[in-house]
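Structure record follows, encoded as structure tokens.
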Amino acid sequence: MTSNPLTLNNWLTLHGFVTAVAVLVYVISSHIMHQRRHPAAAIAWMLFILLVPYLALPAFLAFGSRKLPRPSVTQRPELNKLAGEDTWAVETILALGQPAPQLYNNLQVHKDGHHARDSLFQALADARVSLDVCTFILGRESLGAAIVDLLAAKARQGVRVRLLLDGMGSLMTRHPNIRQLVDAGGEFALFVPPTRSPLKGRTNLRNHRKMVIVDSGSAGARLWCGGRNLANEYFEGKSGEAPWRDLSFDLQGPMVGQASDLFSQDWAFADGQTHELVPGSVSQATPICAARPDPEGAQLVASGPDQADDTIYSIVVTAIYRSRYRIALATPYFVPESALLMALCLA
């Protein structure tokens with residue numbers, strides 16, 4: 001009995017079918033998810049799919065979408081302009097679907113890693129009702145272990161404790177033993193682990209937010225936030241080296257509600273639940289208006305694949321075009337896209 005080898009015509013038919021399916025998946029998913037790609041990126045994906053559909057289709061399913069829509073707050077509270085105030089930044093942020101300015105108080109910008117560490121542990125110790133922590137990396141060393149110990153102690157005291165770690169960040173640097181936190185009654189979730197099915201969320205969707213939210217919704221609500229991961233190198237240094245230079249701060253007041261709602265969205269997404277706005281959330285916040293003279297207001301601007309627009313990028317480009325006297329930038333990564341580079345050159 002002889003086998004029937006795959007003929008050239010059969011192979012071409014199969015190849016054409018796979019190519020057609022891959023192109024349909026690309027077109028339909030881009031339409032449904034309202035993807036807006038740069039023309040060069042769109043052409044590159046199409047060529048990849050047409051030439052090597054067997055590799056391109058799984059690659060596209062895993063990494064092809066840089067934006068993942070979430071339920072968003074459509075209500076945009078209007079902001080009454082204060083006399084003589086230039087509100088272009090506020091108006092731009094509102095136009096991008098971000099929350100209106102909120103009052104805050106007791107702002108501390110940490111002067112160094114030691115100051116940031118003391119403020120972090122003070123915020124954790126002050127929690128009485130709730131304690132929400134999210135970070136990209138939680139180091140498996142003295143600082144990370146001390147944080148988990150304190151979180152577990154708070155959970156045993158009856159404080160609602162939730163810890164959210166990024167799925168990729170937890171692999172890059174092993175995190176401390178979280179079992180004691182769970183055993184103490186705390187909650188723990190990983191944000192899109194690499195082993196998660198691409199159908200449930202893109203494997204390249206990462207959460208780089210670093211926030212500690214204490215007693216959200218209460219009069220003493222407090223936010224600790226910034227660019228520092230919860231690891232020794234960001235606070236005390238590692239292996240005899242000086243700590244990395246980074247920016248972090250903490251504050252109190254109604255603005256904490258914006259951070260709390262953002263955390264709730266991330267937590268619901270990681271936990272596979274439907275997000276519901278909580279008291280003091282973005283849509284329920286009262287914007288600053290002329291009735292409040294000289295308010296100290298600020299806005300929390302979320303960025304990332306879960307936002308319809310490239311929020312931070314849009315604000316930076318707008319700010320550069322509107323600059324009149326001076327532009328100062330500080331960043332560890334400067335790889336300017338053409339629009340940003342043109343804005344800087346024209347300025």
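Note that the structure is a prediction, hence the values are computed from the model and not measured.
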Distance-only check: which donor-acceptor pairs under 3.5 Å involve side-chain atoms of residues 225-234, not counting sequence neighbours?
unit_1, atom_1, unit_2, atom_2, d
Arg228, NE, Ser248, OG, 2.8
Arg228, NH1, Tyr234, O, 2.8
Arg228, NH2, Asp246, O, 3.1
Asn229, OD1, Thr135, OG1, 3.4
Asn229, OD1, Phe136, N, 3.4
Asn229, OD1, Ile137, N, 3.0
Asn229, ND2, Tyr234, OH, 3.0
Asn232, ND2, Ser142, OG, 3.3

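Put simply, the side chain of Lys154 gets close to the backbone of Ala125: a donor and an acceptor are under 3.5 Å apart. A donor-acceptor pair under 3.5 Å is formed between the side chain of Gln258 and the backbone N or O of Ala100. Between the side chain of Arg209 and the backbone N or O of Leu262, no donor-acceptor pair lies under 3.5 Å. The main-chain N or O of Pro99 is found under 3.5 Å from a side-chain atom of Gln299 such that the two form a donor-acceptor pair. At least one donor-acceptor pair closer than 3.5 Å links the side chain of Thr311 to the backbone N or O of Ala302.
With Asp166 as reference, Asn207 is the one residue of Asn207, Leu190, Asp266 to meet the side chain to side chain contact (heavy atoms under 4.5 Å, CB included) rule.
Atom CD of Gln252 is separated from atom CG of Asp215 by 10.0 Å, given to the nearest 0.5 angstrom. Atom-to-atom distance recorded for Trp267:CH2 and Ser260:OG is 13.0 Å, nearest 0.5 angstrom. Between the OG atom of Ser314 and the CG atom of Leu340 there is a distance of 11.0 Å, given to the nearest 0.5 Å. Rounded to the nearest 0.5 angstrom, Phe249 CZ and Trp224 CH2 are separated by 9.5 Å. In this structure, His110 NE2 and Gln108 CD are separated by 5.5 Å, a value rounded to the nearest 0.5 Å.
Between Phe269 and Phe191, the angle of the ring planes lies from 30° to 60°, which puts this pair in the tilted group.
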* To do: Starting from the C-alpha separation in whole Å, work towards a yes-or-no answer on side chain to side chain contact (heavy atoms under 4.5 Å, CB included) for Gln122 and Asp118.
  => CA-CA 6 Å; Gln122 186 62 55; Asp118 293 342; over 6 Å; no

* **side chain to side chain donor-acceptor pair (under 3.5 Å) between Gln307 and Gln98, worked out** => CA-CA 9 Å; Gln307 302 299 312; Gln98 301 296 305; 3.0 Å; yes

* Asked: For Lys238 and Glu141, what are the C-alpha separation, side-chain angles and deciding distance, and is it a salt bridge (charged side-chain N to carboxylate O under 4.0 Å, His left out)?
  -> CA-CA 10 Å; Lys238 195 173 183 179; Glu141 15 82 333; 5.5 Å; no

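Of all heavy-atom pairs spanning Tyr313 and Ala339, the tightest one is OH-CB, 3.3 Å.
In this structure Arg156 satisfies the side-chain contact (heavy atoms from CB on, under 4.5 Å) test together with Ala152, Ala153, Ala184, sequence neighbours excluded.
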